[in-house]
Amino acid sequence: MSLIAPSDGWFSKRTAKDERIWILIAFVLCVFLFIWMIMWHVVGKQNPSNTTYKTTTEEFGRLHDAYVQKHMVGMDNGIPVVKPEPNSDVILMGQMWRWSPVLILQQDEWYNLHISSTDIVHGFSLQPSNMNFQIYPEYDYVLRFKPTASGEYKILCNEYCGIGHHIMIGKIVVVQDDSELSQYGYDPNTFEKTRATAGSADEDISGWSEAQLVEAGETAFNIKGCNACHKTDGTSEIGPALNGLFGSTVTVTEDGARKDVVADDAYIALSISDPQRQVKVGFEEIAMASLELSDNEMKQMIAYIKSIK
Ligand code: CUA
């Protein structure tokens, strides 16, 4: 209801001439812009032609973990590095608060890039080429593309996604041939070895040494993105730091009450599978997503966290 009611029969009244002209201008402009929405795919190549599939955050997360485990060739600041084959399907995951993996691509080769988020909406902004997409959870956004210029590209998040938004920076490196890798800090001689040690999900690990468990646990820790929030050098901006954690006494909030608990195997396992049950004092405002780990991964992860002095 409006404050002043229009007079009776206003709808069937003749429209004034200047008003008709404005309606016509607006209509022509709409049609013009609509045609250009389609034209931008062709002229200027501004709107990429993508395909989108329905997925779930869990499914895409599993896809990412399996993909990285299989193809990983190294680590770059705690983020796995993958060097995909030309013409293959490439998985890129946005999550609070990182882009994973780091991609090494070959110039002038085609790739099928699958992008999705495993939590909330993120913004994919490739710099300095200034390509921008919104990355939605539950949708697998597939873009077939060919990098045409070598160099190092940064993926910035341009959709505000919480406390770690500003640190959510990913990387894509495009090279003409492998001899250029060293200038970006990668050593192709170590690629094979890394690939061989990454996978371990369904193996029988009962006979593994502590060192093997720790190594596999660290890989899982990085692949699953725990390191985006949990640092191991004592800095703890987003999540509690993990160095010196094992065996220490932690003050937590449980059901609104504070209490001291000893950080033992059970505490670490609980903090991973049900992170909101006992929250370390000071971190109540930041909810960690619970992490589904296989028994093997849990064992490896606990071994790794224990080892961080
Ligand atoms: Cu992700 Cu901002």
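Numbering of residues begins at 1 and proceeds along the displayed sequence. Side chains are part of it too, since the values below use all heavy atoms of this structure and drop only hydrogens, waters and symmetry mates. Remember, it's 1-based here, ligands and their atoms both numbered in the order they're listed.
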Atom 1 (Cu) of ligand 1 to nearest N/O/S of Cys161 below 2.8 Å: yes
Nearest non-hydrogen partners of Thr57 and Ser117, listed with the distance: CG2-O, 3.8 Å
Charged N-O contact under 4.0 Å between Glu254 and Lys259: yes
Donor-acceptor under 3.5 Å (Gln106 side chain, Gln176 main chain): yes
Name of whichever N/O/S atom of Glu159 is nearest to atom 2 (Cu) of ligand 1: O
Ionic contact status for Glu19 with Lys17, cut-off 4.0 Å: no
His166 backbone or side-chain N/O/S under 2.8 Å from atom 2 (Cu) of ligand 1: no
Shortest-distance N, O or S atom of His165 relative to atom 2 (Cu) of ligand 1: ND1
Angle, SD of Met168 through atom 1 (Cu) of ligand 1 to SG of Cys157 - 10° precision: 110°
Tyr139 six-ring centre to Lys54 NZ/CZ under 6.0 Å and within 45° of normal: yes
Minimum-distance atom from atom 1 (Cu) of ligand 1 among N, O or S atoms of His122: ND1
